[in-house]
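Notes follow once the structure below has been shown.
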Amino acid sequence: MVALNTSTTPLVSAMGVRKSFGALEVLKGVDLEVASGEVLCLLGPSGSGKSTFLRCINHLERLDAGELRVDGDLVGYRQKGNKLYELKPTEIAKRRAAIGMVFQQFNLFPHMTALENVIEAPIQVLKESKTEVRERAERLLHRVGLEDKLAAYPSQLSGGQQQRVAIARALAMRPKLMLFDEPTSALDPELVGEVLDVMRELAGDGMTMIVVTHEVGFAREVGDAVVFMDQGVIVESGPPGEVLNNPQHDRTKSFLSKLL
């Protein structure tokens, strides 16, 4: 079990998580804990299960075995005795609302402005007032450096700007947990920094974050722990300085040698 801080109740708890797609077992029993306010960076080669694990946390993928809890609650299921029963879509949406997710691709609505993209979910899912949500959205877009792009459509924004809108959109739901699935991998190199800067600020404000990334510098600077995954299992984990500077496993050493 990877536990970052055993003195507090974990915000995220994964126990024996397994997931297969047909005959391919992608997650082979992942155990992991993340305490509130901590940043966990997931490293590993393509196909190691990192993104699938992230998608399981907010029930974008169903588990085949094990359980995942966020703030003590099963995200996509209810438990009765020793059995788990999948919740109705409306209930899943309610629980998922507390988990923000930012993807590799920005997934913005192309027919909506930046502001409209940010206010859509709080109004439609949380049923909040448009006036209140708009004020919050404007603050968030200002926070990510896009106060002058409220009326811009995604096609009028750079990739880095679109990803910052996507972060603001996730934050508009006031999540207790933020998941980032390689948020800079689709960006031109010169745009990566502006997205990482926003993420650094979030971490500094105490947001609990699980970040799938190849940005080793970010993991070293911002992460409370680094987990290296390969072939569906956690190979190595620990503080960034230990895992990145002195990896113990040959597979970790080989992977990092190609990045550093």
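In this chain, numbering begins with 1 at the start of the sequence shown.
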Listed pairs under 3.5 Å, donor-acceptor, residues 74-83 side chains, sequence neighbours left out:
residue : atom : partner : partner atom : Å
Tyr77   : OH   : Leu63   : N            : 3.3
Gln79   : OE1  : Arg69   : NH2          : 3.0
Gln79   : NE2  : Gly81   : O            : 3.4

Mind checking side-chain hydrogen bond (donor to acceptor under 3.5 Å, both in side chains) for [X] and listing every partner two or more places apart, or none if nothing turns up?
{"X": "Arg96", "value": "none"}
{"X": "Ser254", "value": "Lys258"}
{"X": "Lys176", "value": "Asp71"}
{"X": "Gln105", "value": "none"}

Side chain to side chain contact (heavy atoms under 4.5 Å, CB included) with [X]: which residues, sequence neighbours excluded?
{"X": "Asp188", "result": "Glu190, Leu191"}
{"X": "Asp148", "result": "none"}
{"X": "Arg134", "result": "Leu115, Glu138"}
{"X": "Ile123", "result": "Ile119, Lys130, Val133"}

*4.5 Å side-chain heavy-atom contact, Ile210 and Leu179*: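 Yes, close enough: below the 4.5 Å cut-off.
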*Residue pair Arg143 / Asp205, side-chain heavy-atom distance below 4.5 Å*: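 A side-chain contact exists here, since the closest heavy-atom pair is under 4.5 Å.
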*Backbone N/O of Val39 and side chain of Asp224: donor-acceptor pair under 3.5 Å*: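 Looks like yes, one N/O pair under 3.5 Å.
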_I'd like to know if the side chain of Lys50 and the backbone of Val211 have a donor-acceptor N/O pair within less than 3.5 Å._
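Not a single qualifying donor-acceptor pair exists.
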*asked:* Listing request: all ring-ring contact (aromatic ring centres under 6.0 Å, His included) pairs with a residue in residues 136-182, at least two apart in sequence or in separate chains.
replied: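 Applying ring-ring contact (aromatic ring centres under 6.0 Å, His included) to every pair that reaches into residues 136-182, excluding sequence neighbours, yields nothing.
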Without placing hydrogens or testing angles, list every side-chain donor-acceptor pair under 3.5 Å for residues 16-24, not counting sequence neighbours.
residue : atom : partner : partner atom : Å
Arg18   : NH1  : Glu25   : OE2          : 2.6
Lys19   : NZ   : Arg62   : O            : 2.9

*How far does CE of Met101 sit from CD1 of Ile167, to the nearest 0.5 angstrom?*
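Separation between the atoms: 13.0 Å.
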*Is any NZ, NE, NH1 or NH2 atom of the basic residue among Glu132 and Arg136 found under 4.0 Å from an Asp or Glu carboxylate oxygen of the other?*
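Result for this pair is yes, salt bridge flagged.
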*All pairs passing salt bridge (Lys or Arg N to Asp or Glu O under 4.0 Å) where residues 228-241 contributes a residue, at least two apart*: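 Listed by first then second residue: Asp230-Arg251.
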